[in-house]
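Notes to accompany the following structure.
In what follows, every heavy atom counts, from backbone to side chain, and hydrogens, waters and symmetry copies are set aside. Start at 1 and go down the list; that is how both ligands and their atoms are numbered.
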Amino acid sequence: MTVPPPPPKITVVVPKSAAIHSATVSAPTNIACIKYWGKANTHYNTPINSSLSVSLDQCDLRAVTTASASSSFDRDRLWLNGSEVLDVSTSKRFRACVDGVRALATDKIDPNTNQVLVSKADWEGMHVHIASYNTFPTAAGLASSAAGYAALVAALVQLFGAKESYPGEFTAIARQGSGSACRSLYGGFVAWRAGGAKADWSDSIAEQVADESHWPEIRAVILVVSDAKKETSSTDGMSTSVNTSELLAFRAKEVVPKRMQIIEKAIKAKDFDAFGKVTMMDSNQFHATCLDTYPPIFYMNDVSRSVVQMIHKYNEWAGEIRAAYTFDAGPNAVLYTLDKHVVELLALVLKYYPAKSNDFVEEYVSSESLAKEALAFELDPSLIAAVEKSCRVHEHGDVKMVYCTKGGPGPQTLDPSESVFEFKME
Ligand code: DP6
């Protein structure tokens, strides 16, 4: 698959003498192994349980955001994927991020002369312009809001030279944009501690459990089952679940605390068996709470369920856990595996969820080299016999594309040439 070029820059005309301050960053998406579902406090956007995710490599999937400030801007403005979002200045999520980071701004100093170029008070008087794009389908259950709000907060931190007053404060701001965004501010394996002991919820923050170099063998194979916008947003879905599902309350209180311990131990020991099992069980329980919600919410579809069956047959055949599925608020399957099994897993995926033809496999799979290796890989006939019992060869199109990726770092500062804006002096 060829990486799409960045979209055209957003052109903004500014007065000739205007000073524009800008920062551009990219941020990863993250896929939870232990799911966040349900808010304890809607004002602070805090969860009823802790959660844990893997931040994914930014080669294929990332959000890129430029944050700019100038005293010549007459209002706050935001562009997402090339289109301006109107009335953004009254959006609670947007305000929480912009005002939250700006409150931590520091003076911008000229390193040569030591003179204050922009004081903290100056920042307060400026409006911001923000432009952001994703390199993957928005709202398809690929955590685009997580990457987007993490990139927003990280870009604002750079722009304002913001400093935390306690560790994790930026993540507390990002979670007010979107809960899962707090986990995208770090790379590798990241926990979001539910918090709640402090009245202002300043203990509801993300923490890195291990960075991306700790377990570099982890791979993620993502089957994009639908790239359409999802029917029930996470925010609405979890609100109905909190109000109606007794299973969700039980899960938050009794199940997740134990699973957080299990998964953190598994990550530290690089124990894929334990990591994979708890990941699959937690995905299943999250979707069970969706079914237990009244009226019920369905995020997985028949294709998603067939992937679940295929993975269980695969693991049973192998006599160990070689792949683990997880599904967010949508039908896409994220399969975690290890480097040594990724070609076999991809070969299995390509057999049961084929490309239009082998000639089109480069358009279908994000990594051309892995796709070629997988096509040349001979699956064990006994594995095919085992899988065939419960999984049929699907029509092309049931899976729209396959991303092969891995864990990766947190937000990255990009060169000014990668700015999403082009400011034209009038
Ligand atoms: C199923 O973070 O999108 O992906 O806080 O309302 O913006 P809001 O919700 P959001 O919910 C993500 C839910 C999930 C599970 C997870 O990522 O932990």
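- For a threshold of 3.5 Å applied to N or O pairs, the pair formed by Trp37 and ligand 1 contains no separation below that value.
- Gln58 places a side-chain N or O within 3.5 Å of a backbone atom of Gly410 that can act as its donor or acceptor partner.
- A donor-acceptor contact under 3.5 angstrom links the side chains of Ser53 and Asn30, judged on distance only.
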Set out, in order, the CA-CA distance, both residues' side-chain angles and the distance that settles side chain to side chain contact (heavy atoms under 4.5 Å, CB included) for Phe272 and Ile218, then state yes or no. CA-CA 9 Å; Phe272 191 79; Ile218 289 278; 4.0 Å; yes

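- In this structure, Trp79 has its ring center under 6.0 Å from that of His129.
- Ring to ring, Phe360 and His396 are not that close: their centroids are 6.0 angstrom or more apart.
- Only side-chain heavy atoms of Asn45 come within less than 4.0 Å of ligand 1; its backbone N, CA, C and O stay farther off.
- Near Gly179, the atoms of ligand 1 lying under 4.0 angstrom from a non-hydrogen atom of the residue are 2 (O), 5 (O), 7 (O), 8 (P).
- The two residues Tyr149 and Cys97 make their nearest non-hydrogen contact at CD2-SG, 3.9 Å.
- Annotation: Tyr36 places an N or O atom under 3.5 Å from an N or O atom of ligand 1; distance criterion only.
- The residue from Ser233, Ala32, Ser51, Ser180 that puts a heavy atom closest to atom 2 (O) of ligand 1 is Ser180.
- A heavy-atom separation below 4.0 Å is not found between Arg175 and ligand 1.
- Defined by atom type and a distance below 3.5 Å, a donor-acceptor pair is present between the side-chain atoms of Ser204 and Trp192.
- Listed by atom number, the atoms of ligand 1 under 4.0 Å from Met238 heavy atoms are 9 (O), 11 (O).
- Under a 4.0 Å heavy-atom criterion, Phe286 is in contact with ligand 1.
- At a 4.0 Å heavy-atom cut-off, ligand 1 does not touch His287 at all.
- Atoms of ligand 1 lying under 4.0 Å from any heavy atom of Ser145, numbered from 1 in the order shown and given with element: 3 (O).
- Selection from Ser234, Ser239, Ser178, Ala329 by nearest heavy atom to atom 7 (O) of ligand 1 gives Ser178.
- Using modelled atom types, one side-chain atom of Asn284 and one backbone atom of Met280 make a donor-acceptor pair closer than 3.5 Å.
- When each atom of ligand 1 is checked for a heavy atom of Lys39 under 4.0 Å away, the hits are 5 (O), 6 (O), 8 (P).
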